[in-house]
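Heads up: the structure comes next, in structure tokens.
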Amino acid sequence: MSKIPVGILGATGMVGQQYLYLLLNHPWFEVTYLAASPRSAGQKYRDAVAGRVHFPGILEAAGDLIVADASDMDAAASAQKAGTLNFVFSAVELGDKEATKKLEEAYAAAGIPVLSNDSAHRWTPDVPVLIAEVNHGHTGIIPLQQKARGWDRGFIAVKPNCSIQSYTTPLYALIQRGFQIKQLIVSTLQAVSGAGYPGVPSLDMIDNIVPYIGGEEEKSEEEPLKILGSIQDGRIANAQGIKIAAHCNRVPLTDGHTACVSVLFGDKKPTIEEVKEIWGSFKSLPQELELPMAPLRPIIIREENNRPQPRRDRDADKAMAVTVGRIRPCPVFDLRFVGLSHNTVRGAAGGGILNAELLHRQGYIK
């Protein structure tokens, strides 16, 4: 089987490079198109990223590709016509959400599906925000999105904020088994790579914790509600009856976002043994899909009283698993636990690739 040609928008940034690295030997997808800002356009990729290469092997694989201007739709259309561009991963860093929306919509209107890392379209009612194991059914809104906008094969799907990966999947597993979640208090400890490169200045992070990350608390409180919601009347309606309070902190770690979570259930409350059984057996994605990026165990339980730890657990199962530990009763709510996920793999490029694999299996990407 010939591989599907893939493009990366924002290919010179940290997340763009992570996409390229994770796709080096992908069995289905091959990176054939790279695009970035006008200052990088026209250069060989190796020259555009000179002095700021974050991942091994990417120059050997793509160093001689000429970088296009991400806003040059004629170049993208030409690549599509030539058979060297089927869909794009969007990791653009425009700093302007409206400009990002328009750019991604231009690709979709041109018949080029967009798998986005950006938050610009996360609250667009007919755009799915996907965690593959949780709400793969939300891809069913794509035909409605295409019909409403007059798009042929193009569409937009996005992945959620990296800070919510470490607790949304465990919560969904409990909801799936019939336990109603009423309230959550979440405190996140987020690695500096979540701020991109060069990110937070070192003198702000060494010997320090920063108890504020712009926009993160709002995303952490609101995005899970859309992910746990349902398709209604051509839009994705938020889950009702769940309240989330989040505290988001930047901590001096390279990679790995940790969440300390307290959960209040409805009338039906699981025992600790039931919680462990539910998480330990959770699968959700049909195994016959055989998605290369999917973890064998989406939720991994650590029984040690001092785990999970980012340095020891963030790379579990291709860095795509959520590792949970310290599962115990909560004296204020009902349950408390600690969740950990790799923010630039599960929470960024790896999650985007898994979504693309799912959409390929479902026939939206061909």
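Residue numbers run from 1 in the order of the sequence given. All values below were derived from every heavy atom in this structure, side-chain atoms included, with hydrogens, water molecules and symmetry-related copies excluded.
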V263 and I278: same hydrophobic cluster, using ILVMFWY side-chain contacts below 4.5 Å? yes
Establish, from distance only, whether the side-chain atoms of S116 and E104 form a donor-acceptor pair under 3.5 Å. yes
Ring geometry between H26 and F29 (parallel below 30°, tilted from 30 to 60°, perpendicular above 60°): parallel
Rounded to the nearest 0.5 Å, how far apart are CG of L253 and CZ of R314? 7.0 Å
How many angstroms lie between atom CG of L189 and atom CD1 of I209, to the nearest 0.5 angstrom? 7.0 Å
How about Q145 and I156: do any of their side-chain heavy atoms sit closer than 4.5 Å? yes
Could you go through the side-chain contact (heavy atoms from CB on, under 4.5 Å) check for M320 and L354 one step at a time? CA-CA 9 Å; M320 289 292 288; L354 178 58; 3.8 Å; yes
Say whether, by atom type as modelled, one donor and one acceptor occur between the side chain of N86 and the main chain of V6 under 3.5 angstrom. no
Does R250 reach the side chain of Y212, with side-chain heavy atoms less than 4.5 Å apart? no
Show which side-chain atoms of residues 135-144 pair as donor or acceptor with protein atoms under 3.5 Å away, not counting sequence neighbours.
{"residue": "N135", "atom": "OD1", "partner": "I131", "partner atom": "N", "Å": "2.9"}
{"residue": "N135", "atom": "ND2", "partner": "V129", "partner atom": "O", "Å": "2.7"}
{"residue": "N135", "atom": "ND2", "partner": "H138", "partner atom": "ND1", "Å": "3.0"}
{"residue": "H136", "atom": "ND1", "partner": "A132", "partner atom": "O", "Å": "2.9"}
{"residue": "H138", "atom": "NE2", "partner": "G229", "partner atom": "O", "Å": "2.9"}
{"residue": "T139", "atom": "OG1", "partner": "H136", "partner atom": "O", "Å": "2.9"}
{"residue": "T139", "atom": "OG1", "partner": "Q362", "partner atom": "OE1", "Å": "2.7"}
{"residue": "T139", "atom": "OG1", "partner": "Q362", "partner atom": "NE2", "Å": "3.3"}

F55 atom CZ, over 12 foreign heavy atoms within 6.0 Å: yes
Looking at R326 and E304, is any side-chain nitrogen of the basic one under 4.0 Å from a carboxylate oxygen of the acidic one? no
Using only atom types and a distance under 3.5 Å, with no angle test, would you say the side chain of R302 pairs donor to acceptor with the backbone of R307? no
Honestly curious: do I175 and I164 fall in one hydrophobic cluster under the side-chain, below-4.5 Å linking rule? yes
Could you check whether any side-chain N or O of D47 sits under 3.5 Å from a backbone N or O of Q43, counting only pairs where one atom can act as donor and the other as acceptor? no
In this structure, would L23 and I4 fall into the same cluster of hydrophobic residues linked by side-chain contacts under 4.5 Å? yes
Any side-chain heavy-atom pair from V324 and V338 closer than 4.5 angstrom? no
In terms of the angle between their ring planes, are F282 and Y172 parallel, tilted or perpendicular, with boundaries placed at 30° and 60°? perpendicular
Shared hydrophobic cluster for I299 and I272 (ILVMFWY, side-chain gaps under 4.5 Å): yes
Donor-acceptor under 3.5 Å (H257 side chain, A191 main chain): yes
Ring pair (Phe, Tyr, Trp, His ring centres under 6.0 Å) partners of residues 292-313, not counting sequence neighbours, each pair once: none
Check whether any side-chain N or O of S40 sits under 3.5 Å from a backbone N or O of A36 as a donor-acceptor pair, and report yes or no. no
Under 3.5 Å donor-acceptor, E290 side chain and Q287 backbone: no
Do Q190 and N249 have side-chain heavy atoms sitting under 4.5 Å apart? no
Between R153 and P113, is there a side-chain heavy-atom distance shorter than 4.5 Å? yes
Side-chain H-bond candidate by donor/acceptor type, S230 with Q232, under 3.5 Å: yes
Side-chain donor/acceptor pairs under 3.5 Å, residues 220-227, sequence neighbours excluded:
{"residue": "S220", "atom": "OG", "partner": "S163", "partner atom": "OG", "Å": "2.8"}
{"residue": "S220", "atom": "OG", "partner": "E216", "partner atom": "O", "Å": "2.8"}
{"residue": "E221", "atom": "OE2", "partner": "A246", "partner atom": "N", "Å": "3.0"}
{"residue": "E223", "atom": "OE1", "partner": "N161", "partner atom": "N", "Å": "2.7"}
{"residue": "E223", "atom": "OE2", "partner": "R122", "partner atom": "NH1", "Å": "3.0"}
{"residue": "K226", "atom": "NZ", "partner": "R122", "partner atom": "O", "Å": "2.7"}
{"residue": "K226", "atom": "NZ", "partner": "T124", "partner atom": "O", "Å": "2.9"}
{"residue": "K226", "atom": "NZ", "partner": "V127", "partner atom": "O", "Å": "2.9"}

Can you find a pair of side-chain heavy atoms, one from K276 and one from T271, that are under 4.5 Å apart? no
Connected hydrophobic set around V192, excluding itself, where side chains approach under 4.5 Å: V200, M205, V210
Are the charged groups of D118 and K97 less than 4.0 angstrom apart, N to O? yes
For Y19, what residues pass the ring-ring contact (aromatic ring centres under 6.0 Å, His included) criterion, not counting sequence neighbours? F89
Short side-chain to backbone donor-acceptor contact, R52 and T12, under 3.5 Å: yes
Heavy-atom count around R328 CZ within 6.0 Å, excluding the residue itself: above 12? yes
Hydrogens and angles aside, do E277 and S281 bring a side-chain donor and acceptor to less than 3.5 Å of each other? yes
Main-chain N/O of I300 paired with W279 side-chain donor or acceptor, under 3.5 Å: no
With sequence neighbours excluded, give me every ring pair (Phe, Tyr, Trp, His ring centres under 6.0 Å) pair touching residues 190-211. H54-Y197
Between the side chains of D334 and K269, is the shortest nitrogen-to-carboxylate-oxygen separation below 4.0 Å, so that they form an ion pair? yes
Quick one: does any side-chain atom of Q80 pair with a main-chain N or O of G111 as donor and acceptor, under 3.5 Å? yes
Lys/Arg-Asp/Glu bridge criterion (N-O < 4.0 Å) met for D126, R149: yes
S90 backbone acceptor or donor facing Y107 side chain under 3.5 Å: no
Less than 4.5 Å apart, any side-chain heavy atom of V114 and any of F87? no
